[in-house]
Amino acid sequence: MADNHIVSQNGIASTVMAIADIKELLNSATQEYVKDIKSFNIKISTIKDDILKQQSKCDEIQRELDGIIKDIEYSTRLLQRLNDNFFKKAEMIDEFSVELEHSLDAKEFDKILQRKLKDLIHLTDEIEEVEQTLLEAELDRLNTISKLQPFQAQLEELKRYLLKVELEKEYIESTNLHGITKLHK
């Protein structure tokens, strides 16, 4: 009877030891799992913060670009209006020349014609100024687009990287959790 009792105590002792080993393994696996998930969460938070910063830079440059585009649209409308006025005045001068050249005194005719031509020249100067402004604005637009593109590319890369890290986290969650569940059983 004493032998049975000794064997049982040895069996109990080895069972207790096995349970302690399993508990240690389970604790270790759980700690490793929590550490991995925490690491992924920190990495994901950092990437999301980088995305917000990059998005902010893109938005700032985009607002600058939108302002330039509005200036271009305004200058284009102004140029169109000035061109229309130029053609109307040129047509009026032509009509004036044809209709009144013989009915007015030559000196009076030249005086009026010179004044009308001066107005036309002044309008031409205005058109040139607006064209110059328009060309400069177009150059600004192209430069701003060139400045924006690398920021947008970096933003897209950060978004892809975030997706990759999130997928890696999901994989670690499922595989490590499955491993812990196996140990638990």
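Just so you know, residue 1 is the first one in the sequence shown, and it goes up from there. Predicted model only: the values in this text are computed from it and were never measured.
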Test item: [X] and [Y] side chains (from C-beta on) under 4.5 Å apart, heavy atoms:
X	Y	value
Q55	K159	yes
Y161	K43	yes
L135	L139	no
K147	E64	yes
K118	H122	no

If you look at every heavy atom in [X] and [Y], which pair is closest and at what distance?
X	Y	answer
L120	K89	CD1-CB, 3.9 Å
Y33	I172	CE1-O, 4.2 Å
T124	F86	OG1-CE1, 3.4 Å
L123	N85	CD2-C, 3.6 Å
C58	L148	O-CD1, 3.6 Å

Tell me whether [X] shares a hydrophobic cluster with [Y], the cluster being built from Ile, Leu, Val, Met, Phe, Trp, Tyr side chains joined at under 4.5 Å.
X	Y	answer
L155	I61	no
F87	I93	yes
Y74	L134	yes
I69	I145	yes
Y171	I47	yes

Atom pair [atom1] ([X]) and [atom2] ([Y]), whose distance is rounded to the nearest 0.5 Å:
X	Y	atom1	atom2	answer
D84	L79	CG	CG	9.5 Å
I112	L117	CD1	CG	12.0 Å
E166	E173	CD	CD	10.5 Å
L78	E73	CG	CD	13.5 Å
I68	D140	CD1	CG	5.0 Å
I51	Q154	CD1	CD	10.0 Å

**Q.** Salt bridge D49-K53, side-chain N to carboxylate O under 4.0 Å
**A.**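 Salt bridge between D49 and K53, a charged N being under 4.0 Å from a carboxylate O: yes.
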Q | Salt-bridge present (R63, E60; N to O < 4.0 Å) | A |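 Looking at R63 and E60, the cut-off is not met.
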Q. Is there a side-chain contact (heavy atoms from CB on, under 4.5 Å) between K35 and E32 once you walk through the steps?
A. CA-CA 5 Å; K35 183 179 136 201; E32 187 67 29; 4.1 Å; yes
**Q.** Verdict with supporting geometry, K169 and V165, side-chain contact (heavy atoms from CB on, under 4.5 Å)
**A.** CA-CA 6 Å; K169 178 188 171 195; V165 171; 5.5 Å; no
[X] side chain to [Y] main-chain N or O, any donor-acceptor pair under 3.5 Å?
X	Y	result
S56	L52	no
S75	D71	yes
T46	I42	yes

Q) Would Q31 and N27 count as having a side-chain donor-acceptor pair, cut-off 3.5 Å? A)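 Their side chains do not contain a donor-acceptor pair, so the 3.5 Å distance test is not met.
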Q.
Just by distance, no angles: are the side chains of D110 and Q114 close enough, under 3.5 Å, to form a donor-acceptor pair?
A.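 D110 vs Q114: no donor-acceptor pair found between side chains.
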(Q) E156 vs Q152, test: side-chain hydrogen bond (donor to acceptor under 3.5 Å, both in side chains). Steps then yes/no. (A) CA-CA 6 Å; E156 291 306 311; Q152 287 176 326; over 6 Å; no
